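Notes to accompany the following structure.
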Amino acid sequence: MPEDRLKNDPLEAARGYIFSRPIAGDRIPQHIQNLVNRDFASRQGLQFKLSTTEYASDNCYLMLDAEISAMSERQGVILYSLFMLPPTEEHRRDIYRRVLERGSVLFAAVENYRIGTADDVDRVERVLQLCQILAQRDTDDIVGRLAHGIRAA
């Protein structure tokens, strides 16, 4: 995604969001996640607010949910990675809905993604679905699912 599209957002500030859990199977030190988020905010011209750290429990998103509830219009949350979002589509869609209703934006720093419109949500969901398919590592199944997805599109 071109950086100039991200810079056009009239956002004022963004809070980082980091994990102590594995992200896509890898453990990323929190200080590295913070550096990436802070650099991303700087490149986007956003005031960076200290990161919120999620609880270590599996499938726990209490801090993310609280941050979204507290955010106001023209503010965003910078996820270190897109792969920090909840594993269930239902929970992710609830998060997207709440963010969009507030006129706010989610960013994924590593992937340089912006989630601020319904089209952004659809694109992110396609990426996550593709990653889930690829994670199954069954070549025949992958080809079949991809072919089905291409025909449906």
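Here the structure is a predicted model, which is why all the values come from computation and not from measurement.
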Subject >> Nearest-0.5 Å distance that lies between atom OG1 in Thr52 and atom CE in Met63 >> reply: 5.0 Å
Subject >> Contacts of type side-chain contact (heavy atoms from CB on, under 4.5 Å), residue Gln132, not counting sequence neighbours >> reply: Arg92
**OP:** Sequence neighbours left out, what pairs pass salt bridge (Lys or Arg N to Asp or Glu O under 4.0 Å) with at least one residue falling in residues 17-42?
**Re:** Asp39-Arg43
**OP:** With rounding to the nearest 0.5 Å, note down the distance linking CG in Leu64 to CD1 in Ile95.
**Re:** 4.5 Å
**OP:** Quick one: pull up CG in Leu46 and CG in Asn37 and give me the separation to the nearest 0.5 Å.
**Re:** 11.5 Å
**OP:** Kindly write out the residues that satisfy side-chain hydrogen bond (donor to acceptor under 3.5 Å, both in side chains) with Asp122, not counting sequence neighbours, or none if the list is empty.
**Re:** none
Subject >> Where Cys60 and Tyr55 come nearest, the two heavy atoms and their spacing >> reply: SG-CB, 3.8 Å
**OP:** For the residue pair Glu111 and Ser81, confirm or rule out a side-chain donor-acceptor distance under 3.5 Å.
**Re:** yes
Original post:
More than 12 heavy atoms of other residues, nucleotides or ligands under 6.0 Å from CD of Glu90: is that the case?
Top reply: no
Original post:
Taking C-beta and beyond as the side chain, do Val121 and Leu100 meet within less than 4.5 Å on heavy atoms?
Top reply: yes
**OP:** Under the ring pair (Phe, Tyr, Trp, His ring centres under 6.0 Å) rule, collect the residues that match up with Tyr17, sequence neighbours excluded.
**Re:** Phe19
**OP:** Please name all residues satisfying side-chain contact (heavy atoms from CB on, under 4.5 Å) with Leu50, sequence neighbours left out, ordered by chain then number.
**Re:** Arg15
Subject >> Residue pairs, two or more places apart or on separate chains, that pass ring-ring contact (aromatic ring centres under 6.0 Å, His included) and touch residues 77-99 >> reply: Tyr61-His91
Original post:
Are side-chain heavy atoms of Gln75 and Arg102 found at a separation under 4.5 Å?
Top reply: no
